[in-house]
Amino acid sequence: MAAPKRGRSASAQSKPGRSLALILIAIVALTGGMFLSGHTTPRLGIDLAGGTSITLKAKADQGSAINKANMDTAVDIMNRRVNGLGVSEAEVQTQGTDNIIVNIPKGTNSKEAQDQVGTTAKLYFRPVLASQPTGAAAQSPSPSASPSGGSSSKPSTSPSSSASSQQKASSGSSGSASPSATATSQGRAVSDALKADSTPSPSASASGSGKPSATPSASPSGGTNTDSKLQAQYAALDCSKPTDRANAGKNAKPGESTVACGEIDKAWYKYLLGPAAVDGTEVKKAQAVFDTQGAAGWQVQMTFTGSGAKKFSDITGELAKNQPPQNEFGIVLDGQVVSSPYVSSAITGGQAEISGSFKQEEAQSLANMLSYGALPLSFQEQSVTTVTAALGGEQLHAGLLAGAIGLALVVIYLVVYYRGLSLVAMASLVVSAILTYVIMSLLGPAIGFALNLPAVCGAIVAIGITADSFIVYFERIRDEIREGRTLRPAVERAWPRARRTILVSDFVSFLAAAVLFIVTVGKVQGFAFTLGLTTLLDVVVVFLFTKPLMTLLARRRFFASGHKWSGLDPKSLGAKPPLRRTRRPAGPVAGPVDPKEA
């Protein structure tokens, strides 16, 4: 029984190079990925690198009250909206009773985040009654789309919350029907139009503007939801002017027709919109997905609530009967048309897809607006300021200095107490530091991780956790030497006991970090995340580097002979005489024989 066990042990001892090669390959691969990505330093949080601070003031409108519940809901929605852009370490918090402060770290797309956070009005789906290019777009027509209705002619949406051109809404379950030649021969495919019942549509004619547009002489008339004042507003509206865009549809109520602006391929269009048919609160979920089965590419999938599904089915059934642009619905957020898809058939089942020549960022941006567009309150942007790294230079320097001092003290302790074994500990600390740095650099662009001051503190605390693992293993080895064993069997016999202790200790640390990450918000999460990450890396380093390296060094004369500077001198450790195998006596056994072998 003992022989096979010794054989397995010898086999395990003879191949420590595999583990060392594995961790070396991992370090090289991660470092190569870091340089290839171009992100060779960790992304810093707002307290270290500065960023953008946005102050929003709540307004009570349409019966909504400014109270703690509504403010907390708004903070949660804004936080999810910013995180939907991949922005991490952004701070969204209330200030006083009616203000919300949004701090966005430097290095993220703060302009896009500002657009989405500041776009805080309610989201509505309104039928398009008329649409027309304005300004330079009206004078410089774009080439018309092919009459085939294929998706290849669909231009992509602008990533800055603009109206999307040539998009199509279809049922998520039944697939999308192709638009007719009539719908696309005018140069713009639109999707999911929502049209108010019994509201006559203004006539539209084909033009070279690249989208169906109402002719200058055509004006909506005869409908219950339009009047001469609205007609005059639509005729006079020039969306290429910032002042006109800011005032378009201002203070419009959901049950009234209105005018609005939207941007398509850097050209502004004006819209005449009917009463809201579906409220943004009735969008249960929206997500950007890539169509791997067909040629649709990136698309936005929507799921409606029970009441929203019924309304959406009814209105899309009406819109499908109309000609462009009256078969479109405008997705209106903060008075601006962010998308105007068309519909070719009624969409039932509460599932819908918006497809077009989307890029991933454009599809995600639209999905974020649909998911998080409806807020319980309206907000007015009070100020947008650039935050300097107030704590940055000095505090980062102080934090790094504290870490260097702590590391130096640990190294001094290891050298004084463990002597030669300190080389193993320091090499392991270097490997752990390299892995931590590279992974933090990669996590910045990957998940938006930003290194803030609490995260730096977590990394400093991790030095002690990592050193503790080495100490546990070294002490187990020294205990075996005190029992009279030589170094090579001592290294192997000490490992199972040390391994259990290290795993239990690291599990407790990781569990504490996980709980802290879940129950806290803001910067404290940076501390918890870094602590958890370094704890996992500690396990990897101890198993794949420290233990194999110790196995190799046990074969070297300096350590194996118990040199006084090796830290494993049997005499200084008070070792017992070496245990040796005793010969079994021929007669009856007088007492137990110790089967252990040095």
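We find the SG-CG distance between C261 and L237 to be 4.5 Å, quoted to the nearest 0.5 Å. In this structure, OG1 in T41 is found 12.5 Å from CE in M440, a value given to the nearest 0.5 Å.
Between I54 and E381 there is a side-chain heavy-atom pair separated by less than 4.5 Å. A heavy-atom distance below 4.5 Å is not found between the side chains of K311 and F125. At least one side-chain heavy atom of V92 sits less than 4.5 Å from a side-chain heavy atom of I100. The side-chain heavy atoms of Y269 and V337, taken from C-beta on, include no pair separated by under 4.5 Å. You'll find the side chain of L123 stays beyond 4.5 Å of the side chain of V332, heavy atoms only. Using a 4.5 Å cut-off on side-chain heavy atoms (C-beta onward), S307 and E282 make contact. In this structure, V524 and P454 have side chains that are not in contact, with every pair of non-hydrogen atoms separated by 4.5 Å or more. Contact check for V283 versus F304: side-chain heavy atoms found under the 4.5 Å cut-off.
Using cut-offs of 30° and 60° on the angle between ring planes, the pair F517 and F529 is tilted.
A cation-pi arrangement is not found for K57 relative to F379, the charged atom failing to lie both closer than 6.0 Å to the ring centre and inside a 45° cone about the ring normal.
A side-chain donor from one of T303 and Q351 sits under 3.5 Å from a side-chain acceptor of the other.
Checking side-chain atoms of R126 against main-chain N and O of G330 turns up no donor-acceptor pair under 3.5 Å.
Residues A352 and F312 come closest through the heavy atom pair CB-CE2, 3.7 Å.
The only option from L272, T258, L129 that meets the side chain to side chain contact (heavy atoms under 4.5 Å, CB included) definition with Y234 turns out to be L272.
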